[in-house]
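Here the structure comes first, spelled out in C-alpha cells, and everything after it is commentary.
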Amino acid sequence: MSFLLVEWSEDDFKTYSVVSIDQLEDGILRANPGKLVGTVVAIKWKRNSIHRGLVLQIGKHKNLSLEADKLAVKAADEASIIKEKDKSKFDNSSGIKMQKSKNRANEITEIASQIPSSQSVDMSLNAEFADPPLDNETVSKEKYDRLKGRHDRLKEKYRELKKLVENSHEVELYEGSGVTLPAAELASIKIMSNKPTTLARNLFRRLFSPEELASHSLNGKICNANQLAPPLPKIDTAKSDAVIKFVLKEEGFDNSPNADINEANKSFLKNKKAFVMDIILAAIIAFFVIWIGIIFYADSDILTFLYWKFGKDPASKFHGKVVWITGASSGIGEGLAKELAKCTNVKIVLSARRKDELERVKKECLDLNKSIKPDSILVLPFDMTDYSSHKTCLETITKKFYKLDILVSNAGMSQRAAWDEIEIDVDKKLFELNVFSVINLNRVVLKYFKANGNQGQLAVMSSLGGKVGGPNASSYAATKFALHGYFESLRNEMRGTKIHVTLLCPGPVVSNIGVNALTGAGEKSGSSQALVPGKKMSAERCGELCLVSIGNKLEESWISNLPYIPIVYFATHQPFLFSKVFGLVGRFAIKKPSK
C-alpha cells in the first residue's frame, strides 16, 4: 500500500504527517496517486473530519516518516527564529513607547515647577472617592485573609456533604425497579448532569462496571457498524430500565401513565376494537347482500356469473383448440357449437346419430362466422351406445386435426314418469346412454390425454337434477347423480396435473329433450313442458355460459333462469329448511307428467 507525505495547509506553522492513500476523500484520486505530488487534496482524519494538505511525496511509510521528522525539525527551527525576531521587535517597540512616556512626564514636571505655589493644582483624586493609600504589605495581608475565609467555608461545606453522604439513606431509583442509590449520591449526580443524556450516562457508569458496558449492548442487537460481528448479550434489563425511566421522569415524561391516561387508552382501544368489529360485520353483511343479490339476479351460479361479467372474452380461451361436442344435433349441444363457432381459429367436431341435422348445424355455424373455413368443422356421426366406435372416432379426429384438446359430453336422454310407474328396462336404457356410454368415451379420451402431454379437458353435461332430485324424473336424476360421482372422483385423481374436469349443470332449456323423454313404459312423452314452473333458458345463452365455464376451467357451473338457481342453493346449504318449505309449496307447484 502507498502512503503520502502531507504538509497541512490549515495550521499556523508547518506540520507534517504520513497518511494512507485510503484516507483520500476522493475515490478517483486513489486510483492515480502518482499525479498527486504538488497538489492540495482533501484527507479524511479522525471522526471523519476533512482537512486539506499539500502532497509532498509518495512512497513507503518508513521512508516518509523519516522525511517527515526532518521537515518537522526544520520547521521548528524556523518557527523559533521567527519567534525571537517577533519578541525583539516587540521589546524595541515597548522601549520606544516607555521612553516617550518618560519624556512627556519630564515636560509636565518642568512646566509644573514654573507655576507659583499659590496657583498649584492638586493632581490627586478627591478624597471622597479615593481609596486610602495601601502599601504592598497591606494588600497581601487582605488578599490572604479573603482567600483563607473562602477556604474555610469550602472546607466546612465539604465536611457537611461528606457527613450527608456517609449517613445518607438508600432511595429507589424508580418505583418498583429494586435499584437503589444513596440519596446524597443521586442528588450529586443530578447536580453534575446538565443534560438528560449526561444524566443517563452518569447513572450507567455508576450502576455498571466498565467491563459490563464494554461487553454488552442495551437491547442485544447486532452492531450497526459491523454487521458480521456477533450480537452482544443484553445488559441487565432491570438496571437499564430503571435508568431510562428515572431520566424520563426527571424530564417530565413519566413512563407510568396516570389513571386518566390509562382510562383514555383503554377507551381508545375499546373503541378501536369496536370499530374493527363494525367494519368486519359490515363487510360480512355486504358480502351476503351481494351474494344473495347475484343469486336472485343472475342466470348462473355466483362464480360463473362473475367470470362472465368481469372475466376475459371466452373466445380467447379457445384459440387454436380442437373441441369435440357430442349430442350436437339439437338443444344445448347445438347452441354450444354455434357459440363456439364465433371464436377465431378453433376446430369443431360435431357428433350425434343424425348426420343431416349435424350438417344443418355446421352450415349455420359457418353462416355465423364467415372467417371459419368449412374444413375447420368436422361432422362425425356415431351412436354413443356403440362402444366399439369410440376409439375409431377419436382416431378420425386426431388424423384430421392432429390433436384433441376438449371433449364435451352432451349426449343424453330424459324421462317423465312417477317413481313407481317406471319399468326397470327404462332405468337400464337411461343409464346405458347417460352414464355408461359417457364413461367409456371419456376413458378413451383420458388415455389419449395422458399419452399426449398429460393435458386436456373433459366437460360433462350434467343437470341441476343431478344436484337436487326432481319429482317425476327419478331415473334421469339418478343418471346425473351418477355422473357427479364418477367425474368428481376423476377430478380428485387428476389434481396436480393439467387434465381438468368440468361438470355443467343446466336447468330447463329450450330443446327437444322433453319431447324425446321416455315414459314409464319406455315410450316418447312427446311433451316439452317442464315439470316445475319457470321460464326456460335459450340454448344459445346456455351455450355461452357453458363456454365461460369450460374456457375458465371451472370445476362446476349451475346454469338456469329463475327460480332454479336459488332453489338449488337453498337445497344444498339448508336441506332441513328446504324440505319443510318444499313440503308446503311443492305439491302445488309440481306438475304431473302426461301419459
Next item on the list: Mind checking the CD-CG spacing from Glu544 to Leu336? Nearest 0.5 Å is all I need.
Entry: 11.0 Å
Item checked: Evaluation steps, side chain to side chain contact (heavy atoms under 4.5 Å, CB included), between Thr326 and Leu441 -> CA-CA 10 Å; Thr326 65; Leu441 179 60; 3.9 Å; yes
Checklist line | Between Arg495 and Asn492, a side-chain donor and acceptor under 3.5 Å | finding: yes
Note to self: Please check this pair: side chain of Ser316 against backbone of Lys312, looking for a donor-acceptor N/O pair closer than 3.5 Å.
What the structure shows: no
Notebook entry, point to check: Counting N and O atoms only, with roles assigned by atom type, does the side chain of Asn454 sit under 3.5 Å from a partner on the main chain of Lys450, one being a donor and the other an acceptor?
Noted result: no
Item checked: Over all atoms of both residues, closest heavy-atom pair of Asp405 and Gly320 -> OD2-O, 4.0 Å
Notebook entry, point to check: With a cut-off of 6.0 Å (strictly less than), are more than 12 heavy atoms of other residues, nucleotides or ligands near CH2 of Trp291?
Noted result: yes
Notebook entry, point to check: Hey, does the side chain of Thr572 reach the backbone of Val568 with a donor-acceptor pair shorter than 3.5 angstrom?
Noted result: yes
Item checked: Derivation of the salt bridge (Lys or Arg N to Asp or Glu O under 4.0 Å) call for Lys363 and Asp367 -> CA-CA 6 Å; Lys363 181 178 181 303; Asp367 292 338; 3.4 Å; yes
Margin query: Rounded at 0.5 Å granularity, tell me how far CZ in Arg360 sits from CZ in Arg354.
Written below: 8.0 Å
Note to self: In the structure I gave you, are the side-chain heavy atoms of Leu404 and Leu394 within less than 4.5 Å of one another anywhere?
What the structure shows: yes
Notebook entry, point to check: Hey, does the side chain of Lys480 reach the backbone of Met461 with a donor-acceptor pair shorter than 3.5 angstrom?
Noted result: yes
Margin query: How long is the straight-line distance from CZ of Arg491 back to CD of Glu555, given to the nearest 0.5 Å?
Written below: 4.5 Å
Item checked: Heavy-atom pair of closest approach, residues Tyr476 and Leu430 -> N-CD1, 4.0 Å
Notebook entry, point to check: How about Leu458 and Phe449: do any of their side-chain heavy atoms sit closer than 4.5 Å?
Noted result: yes
Note to self: So which atom in Ile422 and which in Ala417 form the shortest heavy-atom distance, rounded to 0.1 Å?
What the structure shows: CG1-CB, 3.8 Å
Checklist line | Sub-4.5 Å side-chain heavy-atom contact between His390 and Phe382 | finding: yes
Margin query: Distance check, rounded to the nearest 0.5 Å: Cys542 atom SG versus Asn561 atom CG?
Written below: 10.0 Å
Next item on the list: I would like to know whether Leu554 and Asp301 meet side chain to side chain contact (heavy atoms under 4.5 Å, CB included); could you show each step before the answer?
Entry: CA-CA 11 Å; Leu554 303 184; Asp301 64 277; 5.7 Å; no
Next item on the list: Return yes if a side-chain donor-acceptor contact under 3.5 Å exists between Asn442 and Ser409, otherwise no.
Entry: yes
Next item on the list: Output the distance between atom NZ (Lys338) and atom CG (Asn369), rounded to the nearest 0.5 Å.
Entry: 14.0 Å
Margin query: Determine whether the aromatic ring centres of residues Phe401 and Trp324 are separated by less than 6.0 angstrom.
Written below: no
Next item on the list: For Asn552 and Tyr307, indicate whether the former's side chain and the latter's backbone hold a donor-acceptor pair under 3.5 Å.
Entry: no
Check: Going through the checks in order, is the side chain to side chain contact (heavy atoms under 4.5 Å, CB included) test met by Lys400 and Asp375?
Finding: CA-CA 9 Å; Lys400 171 71 174 177; Asp375 291 343; 4.2 Å; yes
Notebook entry, point to check: Quick one: CD1 on Ile295 to CG on Leu562, what's the gap to the nearest 0.5 Å?
Noted result: 10.5 Å
Note to self: Please check this pair: side chain of Ser240 against backbone of Thr237, looking for a donor-acceptor N/O pair closer than 3.5 Å.
What the structure shows: yes
Next item on the list: May I ask you to test the Met494-Leu446 pair for a side-chain heavy-atom distance under 4.5 Å?
Entry: yes
Checklist line | Side-chain (Ser462) to main-chain (Gly466) donor-acceptor, under 3.5 angstrom | finding: no
Notebook entry, point to check: Can you check whether Glu556 reaches Ser549 side chain to side chain, under 4.5 Å on heavy atoms?
Noted result: no
Checklist line | Side chain proximity check, Leu248 to Ile244, heavy atoms < 4.5 angstrom | finding: yes
Notebook entry, point to check: Can the ring centroids of Phe481 and His484 be said to lie less than 6.0 angstrom from one another?
Noted result: no
Next item on the list: Verify the neighbour count for atom NZ of Lys317: are there more than 12 heavy atoms of other residues, nucleotides or ligands below 6.0 Å?
Entry: yes
Next item on the list: Examine Tyr564 together with Trp558 and report whether their ring centres are nearer than 6.0 Å.
Entry: no
Item checked: Residues Lys428, Glu432; criterion salt bridge (Lys or Arg N to Asp or Glu O under 4.0 Å); working and verdict -> CA-CA 6 Å; Lys428 291 180 180 180; Glu432 187 74 21; over 6 Å; no
Notebook entry, point to check: Any side-chain donor-acceptor pair under 3.5 Å between Asp427 and Ser475?
Noted result: yes
Notebook entry, point to check: Below 4.5 Å, heavy atoms only, C-beta onward: do Val438 and Phe487 meet side chain to side chain?
Noted result: yes
Next item on the list: Determine the minimum heavy-atom distance between Ala517 and Arg416, stating which atoms define it.
Entry: CB-CG, 3.8 Å
Next item on the list: Write down the atom of Gly327, the atom of Asn410, and the distance for their closest heavy-atom approach.
Entry: O-ND2, 2.8 Å
Check: Does Cys343 reach the side chain of His319, with side-chain heavy atoms less than 4.5 Å apart?
Finding: no
Next item on the list: Return the minimal non-hydrogen interatomic distance between Ala328 and Ala352, and the atom names on each side.
Entry: N-CB, 4.1 Å
Next item on the list: Determine, stepwise, if the pair Ser300 / Ile565 fulfils side chain to side chain contact (heavy atoms under 4.5 Å, CB included).
Entry: CA-CA 7 Å; Ser300 64; Ile565 297 297; 5.6 Å; no
Notebook entry, point to check: In terms of the angle between their ring planes, are Phe436 and Phe431 parallel, tilted or perpendicular, with boundaries placed at 30° and 60°?
Noted result: tilted
